[in-house]
Amino acid sequence: MRTLAALLLFTISANGQTLNNATVNITGSYQNVTITQSGANHSATLNLSGDNISAIVSQSGNIAQSFSLSVTCGSNCPNSPYIVNQY
């Protein structure tokens, strides 16, 4: 049984590294998000709701890279808090 559990754990870890996906849902104010992804087949989805939330996303490596950003802010939206690097 331990061998089966160890095999399953290694399989899940390998798949997670291959897919390299990130989904971040934030509700609140004065928060920061930083996502750094490298390798192949990665995506980042950010859903931000609140005031003064900044986000920095860096994606590098092989294709396919995808990025999605949804921002809802109230009375205090920063001028340029979002930085996305894809290379």
Side-chain angles (χ1 to χ4, degrees):
M1 190 67 169
R2 285 185 180 177
T3 305
L4 180 59
L7 178 61
L8 182 60
L9 178 63
F10 288 128
T11 302
I12 291 170
S13 296
N15 286 340
Q17 291 172 355
T18 301
L19 297 175
N20 202 13
N21 298 324
T23 300
V24 177
N25 299 306
I26 289 183
T27 301
S29 298
Y30 301 99
Q31 300 185 55
N32 301 307
V33 177
T34 301
I35 297 175
T36 303
Q37 297 174 314
S38 62
N41 299 322
H42 40 269
S43 68
T45 302
L46 284 85
N47 299 306
L48 313 174
S49 178
D51 293 331
N52 284 321
I53 299 174
S54 66
I56 300 172
V57 178
S58 296
Q59 296 177 319
S60 65
N62 300 329
I63 58 171
Q65 302 171 12
S66 69
F67 174 75
S68 172
L69 174 65
S70 170
V71 178
T72 304
C73 57
S75 61
N76 196 1
C77 299
N79 292 331
S80 58
Y82 314 112
I83 300 171
V84 178
N85 297 310
Q86 288 182 313
Y87 50 94

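Note that these values count all heavy atoms, side chains included, but never hydrogens, waters or copies made by symmetry. Just so it is clear, the model here is predicted, and its values are computed rather than measured.
Annotation: the span from Asn21 atom CG to Ile35 atom CD1 amounts to 10.5 Å, rounded to 0.5 Å. Annotation: the span from Cys73 atom SG to Asp51 atom CG amounts to 6.5 Å, rounded to 0.5 Å. Taken to the nearest 0.5 Å, the CD atom of Gln31 stands 10.0 Å off from the OG atom of Ser49.
Ser29 has its side chain out of reach of Asn52: every pair of non-hydrogen atoms, C-beta onward, lies at least 4.5 Å apart. Considering only heavy atoms from C-beta on, Leu46 stays 4.5 Å or farther from Tyr82 through its side chain.
Nearest heavy-atom pair, Gln37 versus Ala44, reported as atom, atom and distance to 0.1 Å: OE1-CB, 4.0 Å. In plain terms, the two heavy atoms of Leu48 and Ala55 that are nearest each other are CD1-CB, 4.2 Å. When every heavy atom of Phe67 is checked against every heavy atom of Gln59, the shortest pair comes out as CB-OE1, 4.3 Å.
For the pair Gln86 (side chain) and Val57 (backbone), a donor-acceptor distance under 3.5 Å is absent.
Considering Thr23, Leu69, Asn25 in turn, Thr23 is the only one that fulfils the side chain to side chain contact (heavy atoms under 4.5 Å, CB included) rule with Thr45.
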